[in-house]
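One structure is given here, and the rest of the page talks about it.
Sequential numbering from 1 along the given sequence is applied to the chain's residues. We count ligands from 1, going down the list as the structure has it; atoms in each ligand are counted the same way.
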Amino acid sequence: MIEWGINNGIEWNEKLKVYDFKDTGRGIITNDEIKENEVLISIPEKFLIHSKSKFSLDKLNPPNISNKINTTNKKGLTTTIENNNPSPLSIFYKPFHDSVNQFNPKQRISFHLIIEKLLKKNSIWFNYLNDLPNEYNITSTYDDKEIEYIGYPIYVEKVFKLKNEMISSFNSFKEILMKNYENDLNRIIIKLNDNDNENENDEDNDKIGNIKLNEIINFNLYEWCWGTIQSRTYYYNRNMKQQQQQKLESDKDDCTLVPLADLFNHSSFVDTEAIFNEKKQCYQVITKTRFEKDTQVFISYGKHSNFTLMNYYGFIIENNTNDSIPLIQGDAIPNQLLLEKENDIKSYEKKLLILEQYGLSIYGDNSKFLILIDKELPFSWNYLSVLKVLFMTKDELNNQLELNLFHYDLPISKSNHEKVLNFLKNLSISQLTHFKNYLNSYNNNNNNNNINNNNNFGGFNDINNNDNNGIGKRFEISYILEFNIKMWEGCIEWVDLQCLSLKEEKEDILIGANQKKNKKKKKK
Ligand SMILES: C[S@@+](CC[C@H](N)C(=O)[O-])C[C@H]1O[C@@H](n2cnc3c(N)ncnc32)[C@H](O)[C@@H]1O
C-alpha cells in the first residue's frame, strides 16, 4: 500500500513503516526519532475521497460546467449570475448524477467507495481499497440481541440509534437509486466496455465488465462503507469558505478518507494536526508529539471515552483517561425536586432561570451529567452545579446564594452541600448495583462464548467465531461494564471523604461566603 502511495505522489515520511503490533494490530512504527511538528504524510487532493471528490473514471464525473452564466436583463444589459443547477449533459449519466446530487455526504462517500471497489483494477484507489479491513467491529454491525445485552439503557439506546442511522441511510440510498433508475435493478450503471457484444463470462477477478444497479444496492457493501467512514475518515471542511457554505452548514457530516493517513492507530496521550494545505493542494497530517526511534507512531482521534471508541472505531483502550459515564436524566435528577414543579412552581422556575443564566440545563442534549475518571472530582462540574441549584431552599433562592457557587466557587451552604452529597451517595450505590447486574447478566447471557476475547486491547479481532446464534461475549463490553463498576466505587469513596470533611466543618460555609461578599462591599 505504501509503495503504491509513494509511486503516486503521496509524500510518506521515510522513517515510517507499517508494522503489526501485538496489542493494537496493524499500525505505523518509526525507525528514527520523530520530532514535534514533523509532517507524517502529505496526500495530493486527487486521492481524497469525500462528498465532492471525483470518481477515478473521468467519464463518471459531470462535465465542468461553470457556476456562472450570462443572462440578459429587461434593459438589454448582460449580467453574470450564479447557475444553481449545473447539470451533466449526457442523458446516459443523468440518473447517475441525479443520484449523486441527492445523496447526503455519507451516502455520497459510500456510493463513491462502492463504485471504486466494483471498478477493481480500473480504480486509482485499487491498491488502497484492497488493503482495507474486510469488516469492522463497530457497534452498528452488532446483532439486536447483543445490543440489548449491553444492559445500561443509555448505551443500548445510543447503539440502536447508531445502527438505525446506518439502516435508514441505506434505505434512503436505495430509494434514491431505485427512483432515478426506474426500479430496474438490471440497469447498467457503468459501461466499461463499449462493445455491446462483450462476453460477460470473460471477466477475470480484477478486471470487470459492466456494473449493474443490483451490485451497488448491497447492504453488506454499504455496511462496509459505513465502517470505513466511521473508523478511518478525517474532518474535512476546506470547502466551508467557498460558495457551498450554506449547504455544508446544514450537514456537518462532511469528512474525507485520506489514503495511508488512516494507517495510524490512536492514543489519548498524543496530539495531532490534520489540515488541508491550500498552497500545496494536499492533505497533511502533522504530529504535535515527539516519538522515539522504534516506537509506534500514534495520532489522536479525539478525546473519546471507551464507549465512543467502541461505537465508532470498534476498539477500546486500557485505563482511558478520557473515560466517562453518561447519566440518564431520570437517575441524575432527584425526583422530589421535579415534584417541586407542582408544589412550588415559582421556586422551580427560578431555579431553571438561574441554570439557564449560567448555560446549564436539566433537559435534553444541553445537560452533561457525567461521571468522570478523576479522583479529585468524579462528577462533572456541570452536573454538580445543576444539583446544587436544584437543592436550594426558598430562603437560599431569595438570598441569591447561587452567587456563592458561580462567583466564588464555594458551596451554596453547608446544608445544601449535605443534601447533594446524600443524593450522590444513594445514586452511586444504586448505580453500582445496576452495573454489577448488567455485567452479571451480560456474562450469563453470553454463556462464556467469546467473540473476540483474546484478552488484549484492539487489533483485528475475528468477530465471526461466535456459534451461539450470533451472540457472543465481546471483550470491549465486559471491560466497559467492569470499568464503570470501578468508577462508581470511586464515586462512593469520594462522597464518603467529602461527608467526613463536611462533618469537621463547624461553621456553616454560607457564612464564609457572605463574609466574602461583605468584604467586597467594604472595599467598594
Ligand atoms: C484509522 S484505522 C488505523 C489503522 C488500522 N489499525 C489498520 O490496520 O488499517 C482505525 C482502526 O485501527 C484500530 N485501532 C486504532 N487505534 C487502536 C488502538 N489504540 N488499539 C487498538 N486498535 C486500534 C481500530 O480497529 C480502528 O478502527
Shortest heavy-atom approach to atom 13 (C) of ligand 1 - which of Leu257, Ile316, Asn265: Asn265
Non-hydrogen atom of Tyr136 closer than 4.0 Å to ligand 1: no
Numbered atoms of ligand 1 (with element) below 4.0 Å of Tyr313, judged on heavy atoms: 24 (C), 25 (O), 26 (C), 27 (O)
Phe298 ring center near His266 ring center (under 6.0 Å): no
Per-atom contacts of ligand 1 with Ile317, taking only distances under 4.0 Å to non-hydrogen atoms: 19 (N)
Interatomic spacing from OG1 in Thr233 to CD1 in Ile109 - rounded to 0.5 Å: 7.0 Å
Pairs touching residues 487-496 that satisfy salt bridge (charged side-chain N to carboxylate O under 4.0 Å, His left out), sequence neighbours left out: Lys425-Asp496
Axial cation check for Tyr313 ring with Arg232, 6.0 Å and 45° limits: no
Atom indices of ligand 1 within 4.0 angstrom of Asp262 heavy atoms, with elements: 1 (C), 2 (S), 3 (C), 4 (C)
More than 12 heavy atoms of other groups within 6.0 Å of Asn7 CG: yes
